Amino acid sequence: MYATKNGLHEEQRLKIIRDSIRVVPHFPKPGIMFQDITTLLLDHKAFKLTVDIFVDRYRNQNISAVAGVEARGFMFGPSIALAIGAKFIPLRKPRKLPGEVISEAYVLEYGTDCLEMHVGAVHPGERVLVIDDIVATGGTLSAAIRLLERVGAEVVECACVIGIPELKGIGKLNGKPLYVLVEPRQ
Amino acid sequence: MSACCNDDPRIHDIKSKIRVVPNFPKPGIMFQDITTLLLDPKTFKNTVDLFVERYKNKNISVVAGIEARGFIFGPPIALAIGAKFVPLRKPRKLPGEVISEEYTLEYGRDCLEMHIGAVEPDERALVVDDLIATGGTLCAAMNLLERAGAEVVECACLIELPDLKVNLLSQNFT
């Protein structure tokens with residue numbers, strides 16, 4: 001699941017990326033060590049390395065669409081899409097996308113939330129990459145996978161910059177491959 | 001204001017890929033939907049290329065994108081011109097210390113936030129959003145950057161709404 005285990009020997013690159021991520025304790029609530037990727041975005045070298053690693057992995061996989069989860073998935077997805085010649089599909093919180101959408105509910109720690117995608121954004125049989133900044137429970141990514149599969153797309157992989165070690169031994173999310181660059185920082 | 005690029009043949013294609021959704025988010029508004037542009041890789045690339053060509057030799061070290069559609073266009077521009085990307089976000093989304101700028105909506109007020117330390121004094125900044133209507137959000141963005149001591153070189157948008165009165169800003173606004 002982690003970049004080093006997928007044949008990438010770019011340990012130095014990954015260290016640069018991981019070191020550029022800032023931990024903000026007790027955000028958004030006590031006990032949570034928030035993995036802040038905005039500091040990565042401030043570091044042009046680290047940001048470019050991040051995008052390049054994903055692009056190198058996906059450019060020859062006939063992926064025609066990159067779906068990014070609002071809002072931090074928007075910060076990484078489009079650059080990857082542009083580099084591999086794919087379209088970019090924003091997966092958004094309710095009532096943000098105009099026109100016809102399909103919705104998928106998912107469970108939060110307390111309550112539920114919802115992810116939406118435009119009808120017609122993706123066609124049956126298209127190969128799609130899902131991108132977000134971090135995967136924790138996998139709830140949001142699972143909803144993204146369901147949205148895409150409901151319209152007949154094939155989710156090739158889910159990609160995140162950061163992933164919790166609990167998912168490390170599995171390397172899969174709902175049966176889909178999960179690719180993560182780095183572990184969370186302490 | 002949009003005269004900078006009108007002669008470029010890529011512009012017509014970009015315009016044609018933007019979808020108008022009537023009566024969204026409420027009756028009477030003709031919403032300019034850029035998601036259809038994002039579905040065409042060539043047109044999306046042309047859009048980014050046009051901005052990159054304009055800004056790449058202007059010593060811009062910061063691209064600030066306005067949540068959320070500014071997050072789609074800003075980062076590719078930042079990466080291409082060698083600048084950092086700074087997200088300007090709705091309240092309580094950014095962790096850690098932020099500065100806030102309030103601005104007026106049609107009904108009520110909203111707020112834009114930026115991380116403290118994201119931008120340093122005298123940095124040259126570009127602000128990116130998909131669309132400018134009244135200019136309220138862009139003004140708030142400029143204020144945030146200027147409060148941090150940066151120089152806003154320009155604000156860049158795909159779409160301007162010509163029928164609404166725009167508050168022209170004191171800076172070079174194209």
Side-chain angles (χ1 to χ4, degrees), chain A residues 22-28 32-52 64-68 70-93 95-101 117-118 120-123, chain B residues 19-25 29-49 52 61-65 67-87 89-90 92-98 114-115 117-120:
Chain A
R22 172 175 76 154
V23 179
V24 181
H26 310 302
F27 182 90
I32 301 203
M33 302 298 277
F34 189 88
Q35 305 290 311
D36 181 17
I37 49 90
T38 65
T39 42
L40 184 162
L41 305 173
L42 293 179
D43 182 338
H44 181 265
K45 182 171 167 192
F47 189 14
K48 188 171 188 307
L49 280 176
T50 305
V51 171
D52 285 350
S64 59
V66 175
E70 170 165 18
R72 290 184 289 266
F74 292 5
M75 300 177 195
F76 297 95
S79 300
I80 299 167
L82 285 162
I84 69 173
K87 54 189 173 184
F88 179 72
I89 300 169
L91 304 181
R92 299 209 67 175
K93 294 289 161 77
R95 296 173 297 284
K96 300 292 185 77
L97 290 170
E100 262 202 293
V101 297
M117 179 173 77
H118 266 139
V122 160
H123 307 300
Chain B
R19 171 174 76 154
V20 178
V21 181
N23 303 314
F24 182 88
I29 301 205
M30 302 295 278
F31 189 88
Q32 306 288 314
D33 181 19
I34 51 89
T35 65
T36 39
L37 183 158
L38 305 175
L39 294 181
D40 185 319
K42 188 165 88 104
T43 310
F44 185 17
K45 184 178 188 306
N46 284 341
T47 306
V48 172
D49 285 351
V52 170
S61 60
V62 179
V63 174
E67 172 161 18
R69 290 182 288 267
F71 293 177
I72 296 174
F73 297 98
I77 297 168
L79 283 167
I81 69 174
K84 53 189 171 185
F85 178 72
V86 173
R89 299 210 65 175
K90 295 289 161 76
R92 298 172 297 282
K93 300 292 184 79
L94 290 172
E97 269 200 292
V98 298
M114 181 173 80
H115 266 140
V119 159
E120 279 157 45

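Just so it is clear, the values below take in all heavy atoms, side chains as well, and ignore hydrogens, waters and symmetry mates. On a predicted model such as this, the values are computed, not experimentally measured, just so you know.
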Picking from [options], which has the most non-hydrogen pairs under 4.5 angstrom with chain B?
options	answer
A/Pro90, A/Ala65, A/Ala121	A/Ala121
A/Leu42, A/Thr39, A/Asp36, A/Ile80	A/Leu42
A/Gly68, A/Ala86, A/Gly73	A/Ala86
A/Phe47, A/Phe76, A/Phe34	A/Phe47
A/Ile84, A/Ile89, A/Leu97	A/Leu97

Could you tell me which portion of [X] (side chain, backbone, both or neither) has an atom closer than 4.5 angstrom to a non-hydrogen atom of chain A?
X	answer
B/Pro87	side chain
B/Arg89	side chain
B/Phe71	both
B/Lys42	neither
B/Val48	side chain
B/Phe85	both

Between chain A and each of [options], count heavy-atom pairs under 4.5 Å; write down the option with the most.
options	result
B/Gly82, B/Pro22, B/Ser61	B/Gly82
B/Ala80, B/Pro76, B/Pro95, B/Ala118	B/Pro95
B/Leu37, B/Leu39, B/Asp40, B/Asn23	B/Leu39

- prompt: Do A/Asp43 and B/Lys84 pass the side-chain contact (heavy atoms from CB on, under 4.5 Å) test, and can you show the C-alpha distance, the side-chain angles, and the key distance before you say yes or no?
  reply: CA-CA 6 Å; A/Asp43 182 338; B/Lys84 53 189 171 185; over 6 Å; no
Interface moiety of [X] toward chain B, non-hydrogen atoms closer than 4.5 Å:
X	value
A/Phe27	side chain
A/Lys96	backbone
A/Ala81	neither
A/Val51	side chain

message: If the test is side-chain contact (heavy atoms from CB on, under 4.5 Å), which one of A/His118, A/Arg92, A/Met117 qualifies with B/Thr35?
response: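 Of A/His118, A/Arg92, A/Met117, side-chain contact (heavy atoms from CB on, under 4.5 Å) with B/Thr35 is met by A/His118 alone.
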- prompt: What residue pairs, at least two apart or across chains, pass salt bridge (charged side-chain N to carboxylate O under 4.0 Å, His left out) with a residue in residues 79-90 of chain A?
  reply: A/Lys87-A/Glu126
- line: When rounded to the nearest 0.5 Å, the distance separating OG of A/Ser79 from CD1 of B/Ile77 is 10.0 Å
- request: List the atom of B/Gly96, the atom of A/Arg22, and the distance in Å for their closest heavy-atom pair.
  value: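 Answer, listing the atom of B/Gly96 first, then A/Arg22: CA-NH2, 4.3 Å.
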- request: List the atom of A/Pro78, the atom of B/Phe44, and the distance in Å for their closest heavy-atom pair.
  value: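 The answer is CB-CZ, 3.8 Å.
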